[in-house]
Asks: 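Just passing along the structure, written as structure tokens.
All of these numbers come straight from a predicted model, not from anything done at the bench. We use all heavy atoms of the structure for the numbers below, so side chains are in, but hydrogens, waters and symmetry mates are not.
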Amino acid sequence: MPSHHWLAQLARLFQDPALAGTGGKVYMIQPHNPFVHHHLGIASGLAEQVDSRASWLDDQPPPGNGYQWVARMMGTNMAYRRRDLLEIGGFDEFFQWVYDDSDVALQLVNAGKLVHPVRQSVVYHAPASSRNRQVNTAVGNWWIQTKAAVYFTVKHGQQGGNTWRDVALRSLHLWHGHLLWYSHLRRAGKITAGLHWQMRAQEMRGAFSGAYHGWRQSRRPANPPSQELMSGTHTPIQPFQQTGSVYQATVDPISGRRPSITLPDPPLRLCLLSMAYPPDQYEGVGRLTNLMAQGLFEIGHTVHVITHGEKDTTAFYDGAYVHHTPYQRTRYERYRFFPRLHNVLNYSHAVYDKVRQLRLNDGIQLVDSPLWQIDGLVTAVSREIPVVVRLVTAAKQIADLQSERDTDARLLGEMEQSLIQHATHLLPNTQATFDAARSVYNVAAAPDEYTIVPYGIVPAPEEAVRPFDPDTPPETLTVLYVGRLEKRKGIADLFAAIPQVLDQIPHTRFVIVGADNSHQDGFQKKQGCDYVTYFARAYPQYQSRVTFTGAVSDADLNSQYQQCDLFVAPSLYESFGLIYLEAMNYAKPVIGCRAGGIPEVVADGITGLLVDPEAPTQLAAAILRLLRSPTLLREMGLAGRQQLLETFTHVAMARRFAAVYRQVIAAQKQSSGSAGVSPAGADGTLPP
């Protein structure tokens, strides 16, 4: 899948008349094993290749025995000037699989031509099975690779200054390497004994064929191209016959699936930010960003997500290109004594660098950043592209709730305020969230500078929904809590309510899902233990009826929602509360607090019950009321499911976000009097 500006970048590069061949970066985007497949590659005349390097200074001198090393492009992402390619006789058709790209690079260089790969001009690659291999398995005609490598080595080895002995040893090494690999596959049980010996025999055939034809080719002059081809009298390249390509929706490059919903307007090219992102982390902002990506894909938009990762990789899943972005903690050294601030500022700058790459390659038109972790701060300050900010729970609010008074927390709050001030548009998820931002950070946004967009999730299939059945009630009633174990989530209030419930309804059990955060909210320092240990010490007689699972996978979490009878999350503050929607998705009644945006999600007395925050007695009474009424458990659960389908789906959310994005992009273009700050206008222009 070429990046949006791939052809435009190549055309600009070929404006240099000296350039004979070029190509860019290749990302392997399979979800289970993403990596950079090719970047500034080089190859030697002995079929030695270095596919991915950080810069032109890497691997100097290159590893290996070859004396001549040249720049090379990968077949997935390469382009040549037609006349130069014809002068060397075009591609060598002996190559059936691999090394044809390195062969062309060597021939061009030896003919005095310039071959120059570039850092960008990105292509996203998801390899498919072919006649030569079954992708992601050990099944393949690997002997064809040996044939090509030996042929390449014999053909080019001596031209690069190597001796016949070097060529022979390298050819034997290539052949023997595959034999050792086959033996390893056999010992690991990945191939049968019969296939093992068949593959060894084919290796012998491939090695001899490559050596023989390479020896002949090295002594046979290349066939010169015809005068007709060189004269340029061939049929000229035709222009596009249709003008509707701008309306084509995105496509899943892994499966080929296209969005199920078509739009009347051209699809957008968007970038969402979230330092944490599934499947590595499932915290609220990351889960919400993942749901946004899925919904935006379903209505045809191209979505890029920037998240943190240890290596520079890109994977495609859940409707988005997910760019894992590492960062070095070498910038903003003046803040190194404030670890949280130092960390988020360095990451925000790494995000900015990645945004610039995505503008150049993929023509992204807008960046969506959460307030949490200030991912988009540096990008917003740069003013190079519109940055809308999702208002969620602010760090300053959490610091106040957890009585944090250190300078690190104060400075982080100031950076949040700066992000809000530099945002092109604000996107609170509830009115309560906007009111809180206005109170905490003195936000004075005009009505046209912010839009409330409620969140949504993917509806569970009907067969997975299990509403409470009053006719066949379970022997044990299950109450589920999902969230971090910390003060802000009201876990201490739930602990205090549990004995009151179990004393009156003994056939109840509580399941508490979430990671312990006692070291961050000050509980561990104050009590000398984490929350799980504290509950065991404070309420030993109830310990057997309370299960702590810790953090769980997405699949396990859905299973917990399915199996519970009542959901409880007594948070002291939630800007929105996806957890309530997740429970309602499976027709479970919910209990929350009258705090933040929760009352805008939970309809008190209809889809669940609301209690005051930090009121364990009220919380216990609400739990008891619902557990004692099978009819309410069923009716409120079904009402919640219906409300979700009508208001809180991921597609409905995506439509609302997309409408705001389109307005912001249009306003930016109008205010700038041109294509706006986005380089990806309809004219196909690129940034400098």
Side-chain angles (χ1 to χ4, degrees), residues 1-9 24-39 52 74 76-77 119-128 248-259 267-281 286-326 350-370 375-376 379 385 650 654 657-658 661 678-680:
M1 185 69 69
S3 55
H4 185 75
H5 284 319
W6 180 69
L7 276 178
Q9 288 192 65
K25 198 169 188 176
V26 179
Y27 283 103
M28 186 75 77
I29 61 171
Q30 293 164 311
H32 59 279
N33 184 31
F35 61 94
V36 176
H37 203 173
H38 194 86
H39 184 225
S52 182
M74 183 180 177
T76 307
N77 188 359
R119 295 174 178 272
Q120 303 303 326
S121 298
V122 168
V123 161
Y124 303 107
H125 187 207
Q248 290 180 3
T250 189
V251 62
D252 183 336
I254 306 295
S255 66
R257 187 173 73 88
R258 295 181 179 274
L268 301 173
R269 297 181 296 280
L270 306 167
C271 179
L272 311 181
L273 309 182
S274 180
M275 182 182 287
Y277 196 74
D280 299 321
Q281 297 186 48
R287 290 209 318 276
L288 182 275
T289 308
N290 177 257
L291 291 164
M292 290 172 62
Q294 294 182 58
L296 290 166
F297 173 85
E298 290 300 333
I299 57 177
H301 303 298
T302 298
V303 181
H304 296 266
V305 174
I306 299 178
T307 187
H308 177 252
E310 296 302 319
K311 295 181 179 180
D312 172 29
T313 62
T314 298
F316 188 96
Y317 58 91
D318 293 342
Y321 295 90
V322 181
H323 304 270
H324 291 90
T325 304
V351 167
Y352 165 69
D353 291 340
K354 191 67 177 181
V355 165
R356 298 195 76 191
Q357 294 176 24
L358 291 176
R359 290 181 65 221
L360 176 65
N361 291 300
D362 296 279
I364 59 171
Q365 300 165 283
L366 176 141
V367 172
D368 179 303
S369 171
D375 296 20
T379 306
I385 187 171
H650 67 308
F657 273 116
Y661 296 157
S678 169

Asks: Test of understanding: with side-chain contact (heavy atoms from CB on, under 4.5 Å), list the residues that count as partners of Ala315, not counting sequence neighbours.
Replies: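 With sequence neighbours excluded, Ala315 shows a side-chain contact (heavy atoms from CB on, under 4.5 Å) to Pro34, Tyr317, given in chain and number order.
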
Asks: Looking at Asn33 and Met28, what are the two nearest heavy atoms and their distance?
Replies: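 Answer, listing the atom of Asn33 first, then Met28: O-CG, 4.2 Å.
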
Asks: Excluding sequence neighbours, so at least two apart, what forms ring pair (Phe, Tyr, Trp, His ring centres under 6.0 Å) with Tyr321?
Replies: Tyr124, His304, Phe316

Asks: Holding to side-chain contact (heavy atoms from CB on, under 4.5 Å), I want the full list of residues that pass it with Thr76, two or more places apart in sequence or in another chain.
Replies: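 For Thr76 the side-chain contact (heavy atoms from CB on, under 4.5 Å) partners, ignoring immediate neighbours, are Val26, Met74, Val123, His125.
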
Asks: Decide yes or no for Arg356 and Leu358: does some side-chain heavy atom of the first lie under 4.5 Å from some side-chain heavy atom of the second?
Replies: no

Asks: Could you check His323 against Thr314 for side chain to side chain donor-acceptor pair (under 3.5 Å), going step by step and ending with a plain yes or no?
Replies: CA-CA 4 Å; His323 304 270; Thr314 298; 2.9 Å; yes

Asks: What closest approach, in Å, do Tyr352 and Thr379 show between heavy atoms, and which atom pair accounts for it?
Replies: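 Closest heavy-atom pair between Tyr352 and Thr379: CA-OG1, 3.4 Å.
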
Asks: Check whether any side-chain heavy atom of Pro2 lies under 4.5 Å from a side-chain heavy atom of Leu7, and answer yes or no.
Replies: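 With C-beta onward as the side chain, the pair stays apart.
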
Asks: side-chain contact (heavy atoms from CB on, under 4.5 Å) with Pro278: which of Val322, Asn290, Thr307?
Replies: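 Testing Pro278 for a side-chain contact (heavy atoms from CB on, under 4.5 Å) against Val322, Asn290, Thr307 leaves exactly one candidate, Asn290.
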
Asks: Out of Leu296, Val367, Leu366, which one pairs with Leu272 under the side-chain contact (heavy atoms from CB on, under 4.5 Å) rule?
Replies: Leu296

Asks: Measure across Gly376 and Ser369 and return the closest heavy-atom pair with its distance rounded to 0.1 Å.
Replies: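 Looking at all heavy atoms of both residues, the shortest contact is N-OG, 3.0 Å.
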
Asks: Side chains of Pro267 and Thr302, heavy atoms from C-beta outward: is any pair under 4.5 Å?
Replies: no

Asks: For the residue pair Val251 and Met1, establish whether any side-chain heavy-atom pair is separated by less than 4.5 Å.
Replies: yes

Asks: Could you work out, with salt bridge (Lys or Arg N to Asp or Glu O under 4.0 Å) as the rule, every residue matching Arg257, not counting sequence neighbours?
Replies: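 For Arg257 the salt bridge (Lys or Arg N to Asp or Glu O under 4.0 Å) partners, ignoring immediate neighbours, are Glu298.
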
Asks: Is there a side-chain contact between Arg359 and Ile364 (heavy atoms, below 4.5 Å)?
Replies: yes

Asks: So which atom in Ser3 and which in Ser121 form the shortest heavy-atom distance, rounded to 0.1 Å?
Replies: OG-C, 4.3 Å

Asks: Please check if the side chain of His301 supplies one atom and the backbone of Leu268 the other of a donor-acceptor pair under 3.5 Å.
Replies: yes

Asks: Show the nearest heavy-atom pair for residues Ser274 and Gly286, with the distance to one decimal.
Replies: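 Between these two residues, the closest heavy atoms are OG-CA, 3.3 Å.
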
Asks: Just verifying a value: how many Å separate His5 NE2 and Gln120 CD, rounded to the nearest 0.5 Å?
Replies: 12.5 Å

Asks: Nearest 0.5 angstrom please: Ile306 CD1 to Asp353 CG, how far?
Replies: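 Nearest 0.5 Å value for the CD1-CG distance: 10.0 Å.
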
Asks: I need the Asn361 CG to His4 NE2 distance, nearest 0.5 Å.
Replies: 11.5 Å

Asks: Return the set of residues passing ring pair (Phe, Tyr, Trp, His ring centres under 6.0 Å) with His324 (not counting sequence neighbours), or none when no residue passes.
Replies: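 His324 satisfies ring pair (Phe, Tyr, Trp, His ring centres under 6.0 Å) with no residue once adjacent residues are dropped.
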
Asks: Is there side-chain contact between Ile29 and Ile254, with heavy atoms separated by less than 4.5 Å?
Replies: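 The answer is yes, as the side chains (C-beta and beyond) meet within the 4.5 Å cut-off.
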
Asks: Please find the pair of heavy atoms, one from Ala658 and one from Ile299, that lie closest to each other, and give the distance.
Replies: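 What the structure gives for the nearest pair is CB-CD1, 4.2 Å.
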
Asks: Tell me if a side-chain donor or acceptor on Asp375 pairs with a main-chain N or O of Met275 at a distance below 3.5 Å.
Replies: yes

Asks: Applying salt bridge (charged side-chain N to carboxylate O under 4.0 Å, His left out), which residue pairs with at least one partner in residues 299-318 are found, sequence neighbours left out?
Replies: Lys25-Asp312, Asp312-Lys354

